[in-house]
Protein chains: 2
Amino acid sequence: MKKTVITFSIIALSLLGLLQISTYSVTAGVTKIELVIAMIALVFLGIGIWISKKKPSQNNTVETNIPTEKITELGLSAREYEILQKISQGYSNKEIGEQLFVSENTVKTHVSNLFQKLEAKRRTQAVQKAKDLNILP
Amino acid sequence: MKKTVITFSIIALSLLGLLQISTYSVTAGVTKIELVIAMIALVFLGIGIWISKKKPSQNNTVETNIPTEKITELGLSAREYEILQKISQGYSNKEIGEQLFVSENTVKTHVSNLFQKLEAKRRTQAVQKAKDLNILP
DNA sequence: GGAATTTTGGTACTTTCGTATGAGCCCATT
DNA sequence: AATGGGCTCATACGAAAGTACCAAAATTCC
């Protein structure tokens, strides 16, 4: 934590210096404005990317959670999504039925509706598409 | 894909415009240089962060590599692994046969052997296990 | 060159999956 | 009360998937 503070202090100071130099270069007519602006842009672009890479924890949590929006967007019901998850875990219709305490026929019905909504012909394809849509890990 | 191209084109044009305006503002003496530079810095900082979040693939490539060792460890042949990949992409045996220029029967044979080695009973289960073993992305 | 694998392919059969259709139940909205 | 959506279940059929067993090319390995 202390290290982070020190690092950022140094960076902040460096940037301040950079800005001062830039301003001076321009006002003194040493350098062209476009060049300075481009430099600044590049530097901060790099800094932005660097920051994101240094803090991947926030990114990952953002990616791996809350698929709720897209699920409802696709018109998937809670039960259908539940079954989709079971399918992706490799269970058969019969097994899914046992786990959810419903008949295999019911599972088939849900699966069929699910495929229509995902425009899939096979369960493997449904899983693939669902992962592309980020509604499955 | 088309959407991505369009998006980036618009962004690129916007940035060009922004730079032009900035340059003009300064040369015309309308705005202070420090302000413009700060603006540019902020904008590109944001863009940098955004890019990293949108393209986590480069970060993940480090994690998603070289499954070769484990594949041979499981006794999977090259062909079997090839078919495993096709399965995970959602293709049917028939489609896989067409893509690899072999008969559907051949694919079935490979699939059957594959399942034994992965101790899977279904293709969805095979995919699941393969991903757990990190031999599939 | 011969042995061991791998790859290919076939037949035949069982099982699972997927679709179509119809129907009853429950719950919320109109 | 009526309508609609979600969940349940059944039957019946066709299409894939999966298994078992066998066998011939093609490769690789020694």
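Quick note: numbers below take in every heavy atom, side chains included, and nothing from hydrogens, waters or symmetry partners.
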K.L.:
Between C1' on dC7(D) and CD on Glu80(A), what's the gap in Å once rounded to a whole number?
P.N.:
10 Å
K.L.:
Would you kindly give the CZ-to-P distance between Arg122(A) and dA17(D), to the nearest whole Å?
P.N.:
6 Å
K.L.:
Can you tell me how far apart CD1 (Ile71(B)) and OG (Ser77(B)) are? Round to the nearest 0.5 Å.
P.N.:
10.5 Å
K.L.:
Between CD1 of Ile96(B) and CD of Gln89(B), what distance do you get to the nearest 0.5 Å?
P.N.:
8.5 Å
K.L.:
So Leu118(B) and Leu84(B), do their side chains get closer than 4.5 Å, heavy atoms only?
P.N.:
yes
K.L.:
To the nearest 0.5 Å, tell me how far Ser92(A) OG sits from Arg122(B) CZ.
P.N.:
4.5 Å
K.L.:
Flag the pair Ile135(B) / Leu74(B) as yes when at least one side-chain heavy-atom distance between them is below 4.5 Å, and no otherwise.
P.N.:
yes
K.L.:
Specify the angle, to 10°, made by the local axes at the two ends of the helix from dG1(C)-dC30(D) to dT30(C)-dA1(D) when five pairs are taken at each end.
P.N.:
60°
K.L.:
For Gln125(B) and Lys121(B), indicate whether the former's side chain and the latter's backbone hold a donor-acceptor pair under 3.5 Å.
P.N.:
yes
K.L.:
Among residues 89-100 of chain B, which residues get a heavy atom nearer than 4.0 Å to DNA chain C?
P.N.:
none
K.L.:
For nucleotides 3-6 of chain D, give me every protein contact, N/O to N/O, under 3.5 Å, one pair per line with atom names.
P.N.:
none

K.L.:
Measure the shortest side-chain to side-chain distance between Val127(A) and Val127(B) over non-hydrogen atoms and say whether it is less than 4.5 angstrom.
P.N.:
no
K.L.:
Would you mind listing every salt bridge (Lys or Arg N to Asp or Glu O under 4.0 Å) that reaches into residues 125-137 of chain A, with sequence neighbours excluded?
P.N.:
none
K.L.:
List for me each residue that meets side chain to side chain donor-acceptor pair (under 3.5 Å) alongside Gln99(B), sequence neighbours excluded, and say none if there are none.
P.N.:
Lys86(B)
K.L.:
Using the side-chain contact (heavy atoms from CB on, under 4.5 Å) criterion, which residues pair with Lys117(B)? Sequence neighbours excluded.
P.N.:
Leu76(B), Glu80(B)
K.L.:
Taking C-beta and beyond as the side chain, do Leu136(B) and Tyr81(B) meet within less than 4.5 Å on heavy atoms?
P.N.:
yes
K.L.:
Quick one: is Ser112(B) getting a side-chain N or O under 4.0 Å of the dT19(D) phosphate, OP1 or OP2?
P.N.:
yes
K.L.:
Which residue lies toward the 5' end of DNA chain C, Arg123(A) or Phe101(B), if each is placed at its nearest nucleotide?
P.N.:
Phe101(B)
K.L.:
Which residues satisfy the side chain to side chain donor-acceptor pair (under 3.5 Å) test with Glu98(B), sequence neighbours excluded?
P.N.:
none
K.L.:
Partners of Glu82(B) by salt bridge (Lys or Arg N to Asp or Glu O under 4.0 Å), sequence neighbours excluded?
P.N.:
Arg79(B)
K.L.:
On DNA chain C, reading 5' to 3', which nucleotide is the first and which the last to sit with an atom under 4.0 Å from a heavy atom of chain A, could you check?
P.N.:
dC17(C) to dT19(C)
K.L.:
Once salt bridge (Lys or Arg N to Asp or Glu O under 4.0 Å) is applied, do any residues pair with Glu104(B), and if so which ones, sequence neighbours excluded?
P.N.:
none
K.L.:
How close or far is atom P of dA15(D) from atom CZ of Phe115(A), stated in whole angstroms?
P.N.:
17 Å
K.L.:
Can you list, pair by pair, the side-chain donor-acceptor contacts under 3.5 Å of residues 106-116 of chain A, counting residues two or more places apart and other chains?
P.N.:
| residue | atom | partner | partner atom | Å |
| --- | --- | --- | --- | --- |
| Thr106(A) | OG1 | Ser103(A) | OG | 3.1 |
| Thr109(A) | OG1 | Asn105(A) | O | 3.0 |
| Asn113(A) | ND2 | Thr109(A) | O | 3.3 |

K.L.:
Tell me which residues in residues 102-111 of chain A put a heavy atom below 4.0 Å from DNA chain C, sorted by number, or none.
P.N.:
Lys108(A), Val111(A)
